[in-house]
Structure formats: structure tokens, C-alpha cells
Amino acid sequence: MAKVKGAVVVNIERCKGCNLCVVACPSQVLELSIEANSKGYNFSTMVVPDSCVGCAACALVCPDACITVYKVRL
Amino acid sequence: MTVNEIINPANLVYEKPKVMNDTPMHYCPGCSHGVVHKLIAEIIEEMDFQEKTIGIAPVGCAVFAYKYLDIDWQQAAHGRAPALATAVKRLLPDRLVFTYQGDGDLAAIGTAETIHAANRGENIAIIFINNGIYGMTGGQMAPTTLVGMKSSTSPNGRTVPLNGNPLDITKLLAQLDGTCYVTRQSVHTVGSVRKTKKAIRKAFENSMMNKGTSVVEVVSTCNSGWKLTPEASNDWMVENMFPAYPLGDLKDL
């Protein structure tokens with residue numbers, strides 16, 4: 001079976017911590033961080049990077065277009 | 001393979017559309033406006049129409065849409081976006097002209113402009129964001145507010161004897177001969193975002209093929225106005241908005 005690995009990069013300063021990406025992620029990769037960005041928002045971050053499959057669900061539902069998604073086939 | 005090895009331009013599958021600039025959006029966290037802005041930017045990029053698109057910004061939260069999408073914009077007086085779009089499209093028929101309006105703009109003060117532009121069959125696309133509330137001015141009741149829904153001007157919930165029935169303007173527009181494509185979508189899940197993108201793309205193509213007026217209603221959330229978290233707003237929308245405003249195509253010629 002072809003394995004797929006993904007990774008997301010969150011634009012921390014653009015993120016408003018709305019949590020929609022966390023809910024949308026089918027692999028529970030994302031969570032809101034404990035630290036905040038300069039505006040005081042707890043930004044989204046990868047907590048289980050190994051589970052990411054690069055499906056881009058988080059990026060599609062992100063209202064602020066702050067997520068960039070990468071994917072490789074192993 | 002480490003995360004740093006995966007993060008490489010060759011493996012890119014999704015990034016912020018180039019038509020959308022880096023200005024941080026003023027919308028509240030979790031607002032549906034951002035998703036729809038992003039979809040419009042993606043479609044314009046895919047159609048390669050950045051130099052040929054003229055958007056008409058409304059009055060309401062989306063009034064600053066011109067700050068975020070790098071295309072030509074006009075800003076209309078409250079509710080007058082379809083009238084301004086009529087003028088723009090008639091003077092520049094080779095351009096893609098769309099209006100971007102909320103329910104307070106399109107279904108309240110702009111009802112006449114909307115209905116007449118659609119009835120004349122102007123070759124424009126109308127993107128209608130329906131969150132059942134006046135978001136920008138503080139969550140007042142709009143014509144699309146649901147029966148029983150609380151807002152700052154109906155603190156005990158909207159009642160029919162006092163406030164009348166909610167206005168389903170999209171259904172009304174579908175009856176008119178001038179419209180060619182009328183659909184109702186949402187952007188709360190991955191699947192619905194993809195469907196909405198297809199719908200907006202079709203509306204834009206109809207505008208370029210001079211088929212008539214296309215209306216894409218996006219049933220949206222206003223978590224600040226509804227006093228809920230973005231996540232709870234989506235659930236509330238599915239539970240309460242969808243029975244009153246069912247998703248799907250109302251007209252497709």
C-alpha cells in the first residue's frame with residue numbers, strides 16, 4: 001500500500017485560532033497552541049505530525065488562508 | 001521522512017491563492033466570509049481572469065473585500081451592488097462582473113435592485129452570504145433571521161405576528177425569467193467548500209457566456225452575532241438554518 005505523508009505550515013501571525021481546522025482534520029493532527037501570537041490568538045499547530053496525510057482539509061476550511069499543505073508519496 | 005523534508009515547494013498541494021494578498025482580514029475568527037473570499041480568489045486564479053474581473057463590494061462586513069483580493073473593485077451604496085454591476089457589465093461586457101453581498105445588503109435595503117437586476121437578466125454573478133443577521137452593525141434582526149432566532153433587536157426571538165416571516169429571497173429569484181443559475185450552498189465542511197467552489201465557478205462562467213444572472217447563496221455563520229464559538233455556530237447552522245434554507249440547486253438552465 002502506498003503510504004502518504006503530509007505536513008502543514010501555519011502562518012502563525014495570520015491565524016486567528018478559530019479552531020475550525022482542528023475540527024476538520026480527519027487525523028487529529030492539529031491543535032491550538034498554548035502560546036499566543038502577537039495579536040493574542042492561540043494559533044493552530046501540528047501536535048501529531050506523523051499522522052498527517054496532506055489531505056488539505058484544514059486548509060480548505062481555514063477562513064484566513066493561513067495553512068499551506070505539503071504531501072509526499074513514500 | 002521528517003517534516004522539514006516534506007516541506008518543499010515540489011510537494012506543495014495547497015497554498016493561499018495568489019489573487020488574495022497578505023493583508024490580514026478584519027473578519028472575526030471563524031467567519032465564513034474568509035472562506036468565500038478564498039474560493040473567489042482561487043477561481044479567478046484558475047480562470048486566469050485577474051486582470052479582467054471587477055467585483056462590486058457591498059455595505060456590511062464584506063465592505064473591505066477590496067482590501068483582500070487583488071482585482072478591480074467598486075464599492076456600492078448600501079444594497080445597490082446589482083445596479084452598479086449592471087452599469088459596469090454593460091459598459092465593459094468583456095469583464096467578469098460579480099457582486100458580493102450579505103443578507104442585510106441584498107435582502108433588505110437592496111431588494112428592489114436585486115430583483116430588478118435578476119429580472120432583467122443582467123449578465124452578472126451575485127454571491128449572497130446569508131447568515132440571518134446584520135453582522136457588522138451589532139447582530140440586529142435581518143429579513144432572513146429565522147423565526148424564534150434571537151438577535152439584538154429581537155432578544156426574545158423573532159415572532160411572526162410582530163416581525164413577519166423570514167424572506168427566502170433566493171427562492172424568489174429562482175422564479176424570475178432573467179436568472180439562469182440559482183443555487184444555495186454552504187462552507188462549513190470540506191465537501192461543502194468544494195461544492196461551493198464549483199457553484200461559484202459556474203456562476204462566473206455563466207456571466208462570461210452572457211447567459212443571464214447567476215445567484216449563489218452561501219448559508220453562513222456569524223459566530224460573533226450569534227454569540228457562539230465558530231464550531232458551535234456551524235452546528236447551529238446545520239440544525240436551524242438548513243431546514244429553513246435547504247441546500248441545493250434551485251434553478252440550473
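To find a chain, count down the sequence lines: A is the first, B the second, and so on, and within it residues start at 1. Quantities reported herein were computed from a predicted structural model and do not represent experimental measurements. The basis for the numbers below is simple: all heavy atoms, side chains too, and nothing from hydrogens, waters or symmetry mates.
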**Request:** Go through the atoms of B:Thr189 and report whether side chain, backbone, both or neither lie under 4.5 Å from a heavy atom of chain A.
**Result:** backbone
**Item:** Engaged part of A:Ala56 at the chain B interface, taking heavy atoms whose separation is under 4.5 Å
**Value:** side chain
**Pick from B:Ser32, B:Cys31, B:Ser192 with the largest number of heavy-atom pairs that fall under 4.5 Å of chain A** = B:Cys31
**Asked** So, B:Phe242 versus B:His188, ring centres under 6.0 angstrom or not?
**Response** yes
**Message:** Within a 6.0 Å radius of atom CD on B:Gln75, are there more than 12 heavy atoms belonging to other residues, nucleotides or ligands?
**Reply:** yes
**Item:** side-chain hydrogen bond (donor to acceptor under 3.5 Å, both in side chains) partner of B:Ser214, chosen from B:Thr183, B:Asn206, B:Asp252
**Value:** B:Asn206
**Item:** Test: B:Glu205 and B:Arg201 ion pair at under 4.0 Å
**Value:** yes
**Prompt:** Side chain, backbone, both or neither: which part of A:Val9 has a heavy atom under 4.5 Å from chain B?
**Reply:** side chain
**Asked** Where on B:Thr221 is there a heavy atom nearer than 4.5 Å to chain A: the side chain, the backbone, both, or neither?
**Response** neither
**Message:** Please classify the contact between B:Val13 and chain A as side chain, backbone, both or neither, with a heavy-atom cut-off of under 4.5 Å.
**Reply:** both
**Asked** With the threshold set at 4.0 Å, does a side-chain nitrogen-carboxylate oxygen contact exist between B:Asp249 and B:Lys202?
**Response** no
**Request:** Check each atom of B:Asn223 against the heavy atoms of chain A and say whether the ones under 4.5 Å are side chain, backbone, both or neither.
**Result:** neither
**Item:** Contacting region of B:Met25 [heavy-atom separation from chain A under 4.5 Å]
**Value:** both
**Request:** Indicate the ring-plane relationship of B:Tyr27 and B:His37, choosing parallel, tilted or perpendicular according to the 30° and 60° boundaries.
**Result:** perpendicular
**Prompt:** With respect to chain B, which residue among A:Leu60, A:Val69, A:Val23, A:Thr68 yields the maximal number of heavy-atom pairs within a distance under 4.5 Å?
**Reply:** A:Val69
**Message:** Can you tell me which of A:Asn11, A:Val72, A:Val8, A:Ile67 forms the most heavy-atom pairs within a distance under 4.5 Å of chain B?
**Reply:** A:Val72
**Asked** What residue in A:Leu20, A:Asp50, A:Asn19 has the most heavy-atom pairs under 4.5 Å with chain B?
**Response** A:Leu20
**Item:** A:Asp64 side-chain N/O to A:Cys66 backbone N/O, donor-acceptor pair under 3.5 Å
**Value:** no
**Request:** Tell me, for A:Cys15 versus chain B, whether the close heavy atoms (under 4.5 Å) come from the side chain, the backbone, both or neither.
**Result:** neither
**Message:** I'd like to know which of B:Lys16, B:Glu15, B:Glu5 tops the heavy-atom pair count under 4.5 Å against chain A.
**Reply:** B:Lys16
**Asked** When only pairs under 4.5 Å are counted, which of B:Val3, B:Asn8, B:Asn234, B:Ile7 shares the most heavy-atom pairs with chain A?
**Response** B:Ile7
**Item:** Six-ring centre of A:Tyr41, A:Lys39 cation under 6.0 angstrom, axis tolerance 45°
**Value:** no
**Salt-bridge contact B:Lys197-B:Glu46 (side-chain N to carboxylate O under 4.0 Å)** = yes
